[in-house]
Amino acid sequence: MQEFEIHYPIRAAAFIAQTAHESAGYSTFIENLNYSAEALTRVWPARFPKEVTATYARNPEKIANRAYASRIGNGDEASGDGWRFRGRGAIQITGRSNYSACGTGLGLDLLVSPELLEQPLHAFRSAAWFWKSRNLNALADRDDIVGITRVINGGLNGLEDRKNYCDRAKSVLGVA
């Protein structure tokens, strides 16, 4: 956290909140894509209309390849990039473009070895790199958990969980 200027308690609380949520309470550093047909339509309605969900449900590799196809630097569904560059690390770095930039920032060849982000040291350094690269310290300084969540998640998925983690971290760190 020091390396990426997450050195004030308010920043640390926000970082802890987001990484705790994204890693399921620090229990995993790889995205869980084992969705039911109903969940696919709810989470990715444009990518998984009801008529196709049965062929993807409970097949994480197929889900990743469709969900992340032809975006964030990935090739099409058949390329396998969605699965190869699925969310990893404490903040879930996702997509070939993000893996490339993160790898450059951390001095790691993540395009060849994306699984490095599953190791605790790299999982947290990648999260802190992402945090700084997206100027999230400025949002943390304003206690803007909603803004931080939008940058990390693209929406407000898990906002209440993130707020709860943040409140707990603030309490422990003595943030008023």
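We're numbering straight along the sequence, starting at 1. Just so you know, these numbers use all the heavy atoms, side chains as well, and skip hydrogens, waters and symmetry mates. Quantities reported herein were computed from a predicted structural model and do not represent experimental measurements.
- One hydrophobic cluster, built from ILVMFWY side chains closer than 4.5 Å, holds both Ile63 and Val52.
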side-chain contact (heavy atoms from CB on, under 4.5 Å), that's the test. Do Ile152 and His21 meet it? Break it down for me. CA-CA 11 Å; Ile152 291 170; His21 175 79; over 6 Å; no

List the atom pairs, donor and acceptor, that lie under 3.5 Å between side-chain atoms in residues 106-117 and the rest of the protein, sequence neighbours left out.
unit_1 : atom_1 : unit_2 : atom_2 : d
Asp109 : OD1    : Leu111 : N      : 3.4
Asp109 : OD1    : Val112 : N      : 3.2

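- Asn74 contributes a side-chain N or O that, together with a main-chain N or O of Tyr68, makes up a donor-acceptor pair within less than 3.5 Å.
- Residues Leu33 and Ala64 share a closest heavy-atom pair of CD1-CB, 3.5 Å.
- For the ring-ring contact (aromatic ring centres under 6.0 Å, His included) condition, no pair includes a residue of residues 157-176, sequence neighbours left out.
- Within the structure, the salt bridge (charged side-chain N to carboxylate O under 4.0 Å, His left out) test picks out the following pairs touching residues 24-49 (sequence neighbours left out): Glu38-Arg42.
- A pairwise comparison of heavy atoms in Gly105 and Trp129 identifies CA-NE1, 3.8 Å as the closest pair.
- Once rounded to the nearest 0.5 Å, the distance linking OG of Ser23 with CD of Gln92 reads 7.5 Å.
- The distance from atom SG of Cys166 to atom CD1 of Ile16, rounded to the nearest 0.5 Å, is 9.0 Å.
- Here salt bridge (charged side-chain N to carboxylate O under 4.0 Å, His left out) pairs that include residues 1-25, with residues two or more places apart or in two chains, are Glu3-Arg125, Glu5-Lys132, Arg11-Asp141, Glu22-Arg162.
- Atom CD of Gln18 is separated from atom OG1 of Thr149 by 4.0 Å, given to the nearest 0.5 angstrom.
- For Ala90 against Ala127, the heavy-atom pair with the smallest separation is CB-CB, 3.9 Å.
- Rounding to the nearest 0.5 Å gives a distance of 7.5 Å between OG of Ser97 and CD1 of Ile72.
- Criterion: ILVMFWY side-chain heavy atoms under 4.5 Å apart, direct or through other members. Under it, Val172 and Val175 are not part of a common hydrophobic cluster.
- Remark: side-chain polar atoms of Arg58 are not paired, donor with acceptor, to backbone N or O of Ala54 under 3.5 angstrom.
- In this structure, the separation between CG on Asn98 and OG on Ser133 is 8.0 Å, given to the nearest 0.5 Å.
- Side-chain heavy atoms closer than 4.5 Å link hydrophobic residues (I, L, V, M, F, W, Y) into clusters, and following such links, even through other members, never connects Val151 to Val146.
- Ile30 belongs to no hydrophobic cluster, as no Ile, Leu, Val, Met, Phe, Trp or Tyr side chain comes under 4.5 Å of its own.
- The shortest heavy-atom contact between Ile148 and Ala14 is CD1-CB, 3.9 Å.
- For the ring pair (Phe, Tyr, Trp, His ring centres under 6.0 Å) test, residues two or more places apart in sequence or in another chain that qualify with Tyr26 are Phe124.
- Taken to the nearest 0.5 Å, the OG1 atom of Thr53 stands 10.0 Å off from the CZ atom of Arg66.
- Applying the ring pair (Phe, Tyr, Trp, His ring centres under 6.0 Å) criterion to Phe15, with sequence neighbours excluded, gives Trp131.
- Applying the salt bridge (charged side-chain N to carboxylate O under 4.0 Å, His left out) definition to pairs two or more places apart or across chains, those involving residues 79-97 are Asp81-Arg84, Asp81-Arg96, Arg88-Glu118.
- Screening residues 78-110 for ring-ring contact (aromatic ring centres under 6.0 Å, His included) gives Phe85-Tyr99 as the qualifying pairs, with residues at least two apart or on separate chains.
- Under the rule for a salt bridge (charged side-chain N to carboxylate O under 4.0 Å, His left out), Asp167 has no partner lying at least two apart in sequence or in another chain.
- Among all heavy-atom pairs drawn from Ala12 and Leu173, the shortest one is CB-CD1, 3.8 Å.
- Within the 4.5 Å cutoff, no side-chain heavy atoms of Phe130 are placed close to those of Cys102.
- Note: the hydrophobic cluster containing Met1 also contains Leu136 (ILVMFWY, side chain heavy atoms under 4.5 Å, direct or indirect links).
- The two residues Ala128 and Ile6 have their closest heavy-atom pair at CB-CD1, 3.9 Å.
- Within 6.0 Å of atom CZ in Arg168, 12 or fewer heavy atoms from other residues, nucleotides or ligands are found, so the atom counts as exposed in its surroundings.
- Applying the salt bridge (charged side-chain N to carboxylate O under 4.0 Å, His left out) test to every pair with at least one member in residues 142-158, sequence neighbours left out, gives these pairs: Asp143-Lys170.
- In terms of the ring pair (Phe, Tyr, Trp, His ring centres under 6.0 Å) criterion, residue partners of Tyr56 (sequence neighbours excluded) are, by chain and number, Phe48.
- Judged by distance alone, the side chain of Lys50 and the main-chain N or O of Thr41 form no donor-acceptor pair under 3.5 Å.
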